[in-house]
Amino acid sequence: MQTFEKVPVIILSGFLGSGKTTLLLRMLEETAKRQLRPGILMNEIGQRDVDGEWVTRSSAEVIPMEKLLDGCICCTKKSEIQGAIRKLLDTKPDLLLLELTGVANPEEIVDQLTEPGLITRVYLHRVITLIDAEHALEYNSIFASDKQLVRTLRGQISTADELIINKTDLVPPTHNGRVTEMLRKYNPDGRIHYAVKANVSLAPFFQGMRMIRQNVQSLAQVSTASRSAHIESTAGFTANTKYRASYRISPTAISQPVATPAPRESAASFSRIATICLPLTGPLTVSISKLEHFIKKWGSSLLRAKGYVQFAGPTQTHMLQYSGKRFVWEPSSFGGPFYIVFIGFQLDEQAILEEWYLL
Ligand SMILES: Nc1nc2c(ncn2[C@@H]2O[C@H](COP(=O)(O)OP(=O)(O)OP(=O)(O)O)[C@@H](O)[C@H]2O)c(=O)[nH]1
């Protein structure tokens with residue numbers, strides 16, 4: 001008789017720049033305090049691993065981390081998610097933290113966790129979605145022409161157990177009420193938190209977390225009619241109420257718990273979002289203000305920029321973060337090669353690259 005330890009999974013979701021990595025860093029402090037060993041899966045829509053570098057450099061300990069770059073694990077990278085999670089499980093973590101891209105629909109990831117190769121090994125503990133208080137109300141109109149993206153943004157809200165309205169330092173207090181109202185339209189039950197720098201009490205996110213030993217053979221003996229109820233009560237999905245009704249498992253999955261499923265086709269969770277990597281062969285000879293001017297000139301089509309830059313003169317490396325039309329520059333020990341990634345909506349790639357090389 002075979003038994004499996006099921007590892008809790010926490011999904012961090014939210015639009016580009018909403019604060020997912022900021023929360024992940026807080027979660028890592030909390031897991032260290034609780035003496036829990038996390039495994040991290042990070043997914044970047046761009047080719048470069050800005051957030052992974054940031055997390056690695058900010059963590060005192062080496063944390064098992066898998067990175068899926070240049071695509072989104074809810075669509076273009078979907079077939080790779082199972083392999084990445086299995087590799088993390090080999091490190092025997094106490095929990096898994098999955099940071100999605102800003103344009104991922106968590107519903108698709110949740111679905112992946114119930115595939116035969118993972119259903120017996122992990123359970124969904126929480127979906128946490130970060131909301132950018134300053135910009136969340138604009139998205140419907142900005143992205144009106146991209147139906148997939150609008151659906152994805154709603155999915156990020158409706159799927160969440162915990163909704164963190166972040167960046168509240170950038171809006172007047174009355175604005176939070178309007179954001180809350182919008183969230184309630186798509187998610188009447190999720191718990192809402194208000195935060196600056198994702199600074200919320202993390203204890204509720206760990207509540208009810210447990211390792212579950214499940215007897216796979218006894219699961220196989222359950223009659224087809226009662227399977228979904230049995231899975232719900234044994235597989236630990238109780239925390240995530242959104243999925244109680246929709247979680248599914250096929251009879252094949254039960255008799256062959258480690259089978260690898262064929263990747264399924266799915267529509268992209270966004271259609272007009274593109275990424276451009278601007279490489280740097282050495283220190284930039286232009287000033288910070290000239291670089292900021294270059295970044296800002298692409299207007300609202302540039303949703304996010306991030307990367308590592310060194311300027312000629314002082315040799316200090318900087319991590320660049322541009323989100324919500326705001327710049328944050330932080331000193332970094334990143335050793336290069338340096339680059340900047342642009343993520344945008346209907347970006348004119350050719351024009352950007354031409355101007356970049358002339359900068
Ligand atoms: N002013 C302000 N800035 C914040 C807050 N939370 C995060 N930031 C900054 O916003 C920028 C983006 O934060 P991230 O945590 O990287 O956001 P993200 O959701 O992981 O971004 P992507 O993964 O690129 O989608 C960083 O410069 C953060 O320091 C906040 O509450 N207020």
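Whatever order the structure lists them in is the order used to number ligands and atoms, beginning at 1. Position 1 is the first residue of the sequence, and the numbers go up from there.
Checking L163, L97, L12 one by one against I128, the side chain to side chain contact (heavy atoms under 4.5 Å, CB included) holds for a single residue, L12.
Residue L68 comes nearest to A84 through the heavy atom pair CD1-CB, 4.2 Å, listed as atom of the first residue, atom of the second, then distance.
Listed by chain and number, the residues in a side chain to side chain donor-acceptor pair (under 3.5 Å) with Q316 amount to none (sequence neighbours excluded).
For the atom pair CD (E30) and CZ (R26), the distance works out to 11.0 Å, reported to the nearest 0.5 Å. For the atom pair K306 NZ and D49 CG, the distance stands at 9.0 Å (nearest 0.5 Å).
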For ligand 1, what N or O to protein N or O distances fall under 3.5 Å?
residue	atom	partner	partner atom	Å
ligand 1	1 (N)	D169	OD2	3.0
ligand 1	6 (N)	N166	ND2	3.1
ligand 1	10 (O)	K167	NZ	3.2
ligand 1	15 (O)	T21	N	3.3
ligand 1	15 (O)	T22	N	2.9
ligand 1	15 (O)	T22	OG1	2.6
ligand 1	16 (O)	R304	NH2	3.1
ligand 1	17 (O)	G19	N	3.1
ligand 1	19 (O)	S18	N	3.1
ligand 1	19 (O)	G19	N	2.9
ligand 1	19 (O)	K20	N	2.9
ligand 1	19 (O)	K20	NZ	2.7
ligand 1	20 (O)	K20	N	3.4
ligand 1	20 (O)	T21	N	2.8
ligand 1	20 (O)	T21	OG1	2.8
ligand 1	20 (O)	E99	OE2	3.4
ligand 1	21 (O)	G17	N	3.1
ligand 1	21 (O)	R304	NE	3.4
ligand 1	21 (O)	R304	NH2	3.1
ligand 1	23 (O)	D51	OD2	3.0
ligand 1	23 (O)	K306	NZ	3.4
ligand 1	24 (O)	R304	NE	2.7
ligand 1	24 (O)	R304	NH2	3.1
ligand 1	24 (O)	K306	NZ	2.5
ligand 1	25 (O)	G17	N	2.9
ligand 1	25 (O)	K20	NZ	2.8
ligand 1	29 (O)	K197	NZ	3.1
ligand 1	31 (O)	N166	OD1	3.3
ligand 1	31 (O)	K167	N	3.1
ligand 1	31 (O)	K197	N	2.5
ligand 1	32 (N)	D169	OD1	2.9
ligand 1	32 (N)	D169	OD2	3.3

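Looking only at distances, a side-chain donor or acceptor of Y308 sits under 3.5 Å from a matching main-chain atom of V50.
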